[in-house]
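Right, one structure below, let's go through it.
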Amino acid sequence: MRKFLVIVFCSFGFLYGFDHTHASYDAQLKKFVAKGLVDYKGFLKERDTLKKYLNSLSEVSLTEYNGFTKEQKLAFLINAYNAYTIELILENYPVKSIRKIGILPLAAWRESFFDLLGERRSLGWIEHEKLRKEFDEPRIHFAIVCASIGCPILQPEAYTAAKMESQLKSSTEQFLLDTTKNRYDKKDNILFVSSIFDWFEGDFTKKSTIVGFVKTYMKQEIPDTAKIKYTYYDWNLNER
């Protein structure tokens, strides 16, 4: 009888492990995000639901995470970054900009305010120590969103392993086709791009050039000789 109970417990533990569909978070994004703008007041009303999702992320051990596939890891980290960013805004709401949070410069990214993979972590840790170091994937810069107008838009759905490639491709295309942030001036042969390409230039030039990377997704003929200029980055809150 005891052996039977152990088997049943293990089976249920397997069946009800971490939800790689990120269903509860996905439902909230569909409800509170439209055209990249976020209804933070709506999230505030359902903050307990968001916190339950965040708790499910915190409960994943490093050993369990190491057993994830590459796509599952990407989805886990991207969703964690975006969801904890929302939680940070809610904790400080109302706020005009994420840069207004904290006393020291870049406090929003440097402060360790949540538990993930067994330790107290920060948004900067997810971005720089995990996503940028663990994966050779520059498109993550168009998936993680720092609650600002100048950022790539927050998608109205969670990232999942099953759709990872199509989601990364779509978010990159959406960002690069946004002419308020990226555009090519054919007359003067100038490629205007987001400051993201300045801050993380090395991530985009490992296998190509910035021009080469951009024109792949901008779907426009851009000469390799194009001069690069960086556009204004709007740090105002991406609030709906």
Side-chain angles (χ1 to χ4, degrees), residues 29 33 35-37 68-82 85 98-99 106 109 123-236 238:
L29 289 174
V33 179
K35 297 181 180 179
L37 299 179
F68 290 175
T69 65
K70 175 185 174 182
E71 290 75 18
Q72 287 172 338
K73 288 177 179 178
L74 278 167
F76 178 85
L77 293 169
I78 291 169
N79 290 330
Y81 184 99
N82 291 340
T85 298
I98 192 171
R99 297 181 79 183
L106 306 179
W109 294 275
L123 294 175
W125 179 84
I126 295 178
E127 180 177 10
H128 305 301
E129 298 301 318
K130 295 302 286 181
L131 284 169
R132 294 183 63 218
K133 280 189 178 180
E134 198 169 294
F135 307 92
D136 185 16
E137 180 52 85
R139 294 176 298 176
I140 60 101
H141 292 294
F142 311 112
I144 56 175
V145 181
C146 57
S148 305
I149 296 294
C151 289
I153 67 170
L154 184 63
Q155 299 296 330
E157 65 177 4
Y159 283 81
T160 62
K163 298 193 290 183
M164 182 54 60
E165 176 57 31
S166 63
Q167 286 177 315
L168 286 175
K169 183 174 182 289
S170 176
S171 62
T172 303
E173 286 178 347
Q174 277 185 302
F175 185 71
L176 289 174
L177 290 172
D178 182 347
T179 55
T180 67
K181 299 166 185 172
N182 309 278
R183 65 187 184 278
Y184 174 58
D185 182 338
K186 186 175 182 180
K187 179 182 176 182
D188 295 322
N189 194 28
I190 298 174
L191 178 61
F192 293 91
V193 292
S194 166
S195 294
I196 289 173
F197 289 95
D198 183 22
W199 301 331
F200 304 106
E201 180 179 356
D203 293 2
F204 297 101
T205 56
K206 286 180 182 178
K207 297 178 180 178
S208 181
T209 62
I210 289 177
V211 173
F213 180 91
V214 169
K215 69 181 180 181
T216 299
Y217 295 94
M218 200 177 271
K219 300 175 182 177
Q220 189 174 353
E221 286 299 321
I222 306 172
D224 293 333
T225 57
K227 294 175 245 178
I228 292 175
K229 289 191 177 181
Y230 300 104
T231 56
Y232 169 73
Y233 201 91
D234 188 346
W235 285 103
N236 285 306
N238 61 342

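Numbering starts at 1 and runs along the sequence shown.
- Judged by distance alone, the side chain of K70 and the main-chain N or O of A161 form no donor-acceptor pair under 3.5 Å.
- Here T179 contributes atom OG1 and F192 contributes atom CZ; the two are 12.5 Å apart, rounded to the nearest 0.5 Å.
- By the 4.0 Å N-to-carboxylate-O rule, K207 lies close enough to D136 to be salt-bridged with it.
- Between K219 and E173 there is a side-chain heavy-atom pair separated by less than 4.5 Å.
- The structure places CD1 of I153 at 8.5 Å from CG of D178, a figure rounded to the nearest 0.5 Å.
- Side-chain N or O atoms of N82 include one that pairs as donor or acceptor with a backbone N or O of A143 at under 3.5 Å.
- Of all heavy-atom pairs spanning Q167 and T160, the tightest one is OE1-N, 3.1 Å.
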Would you sort out whether M218 and L191 count as a side-chain contact (heavy atoms from CB on, under 4.5 Å), showing the intermediate values? CA-CA 11 Å; M218 200 177 271; L191 178 61; 4.1 Å; yes

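- Residue T209 holds its OG1 atom at 10.0 Å from CD1 of I222, rounded to the nearest 0.5 Å.
- When atom types are taken as modelled, the side chain of T225 and the backbone of P223 share no donor-acceptor pair closer than 3.5 angstrom.
- Distance check: I126 CD1 to I78 CD1 gives 10.5 Å after rounding to the nearest 0.5 Å.
- Between E165 and R139 there is a salt bridge, with a side-chain nitrogen of the basic residue lying less than 4.0 Å from a carboxylate oxygen of the acidic one.
- Residues V33 and L154 share a closest heavy-atom pair of CG1-O, 3.3 Å.
- Note: F204 and F142 have tilted aromatic rings, judged against thresholds of 30 and 60 degrees for the angle between ring planes.
- Scanning all heavy atoms of the two residues, the minimum distance from N182 to S194 falls at OD1-N, 3.0 Å.
- Here the OG1 atom belonging to T231 is positioned 9.5 Å from the OH atom belonging to Y233, to the nearest 0.5 angstrom.
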Set out, in order, the CA-CA distance, both residues' side-chain angles and the distance that settles side-chain contact (heavy atoms from CB on, under 4.5 Å) for F213 and T205, then state yes or no. CA-CA 8 Å; F213 180 91; T205 56; over 6 Å; no

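- What you find for V211 and A226 is that their closest heavy atoms are CG2-O, 4.2 Å.
- With a 4.5 Å cut-off on side-chain heavy atoms, E127 and F200 count as touching.
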Hey, mind stepping through W109 and R99 against side-chain contact (heavy atoms from CB on, under 4.5 Å) and telling me if it holds? CA-CA 9 Å; W109 294 275; R99 297 181 79 183; 4.0 Å; yes

Mind running side-chain contact (heavy atoms from CB on, under 4.5 Å) on F135 and L77 for me, showing each step along the way? CA-CA 11 Å; F135 307 92; L77 293 169; 3.7 Å; yes

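- Separating the CD atom in E137 from the NZ atom in K206 is a distance of 10.5 Å, to the nearest 0.5 Å.
- The two residues M164 and E71 have their closest heavy-atom pair at CE-O, 3.9 Å.
- Salt-bridge annotation for K215 and D224: present, with a side-chain N of the basic residue lying under 4.0 Å from a carboxylate O of the acidic one.
- Looking only at side-chain heavy atoms (C-beta outward), T85 and V145 stay at 4.5 Å or farther from each other.
- Within the 3.5 Å criterion, the main-chain N or O of Y159 finds a donor-acceptor partner in the side chain of N79.
- Side chain of S195 to backbone of D198: no donor-acceptor contact under 3.5 angstrom is found.
- Between P152 and F175, the closest heavy-atom pair is CA-CD1, 3.4 Å.
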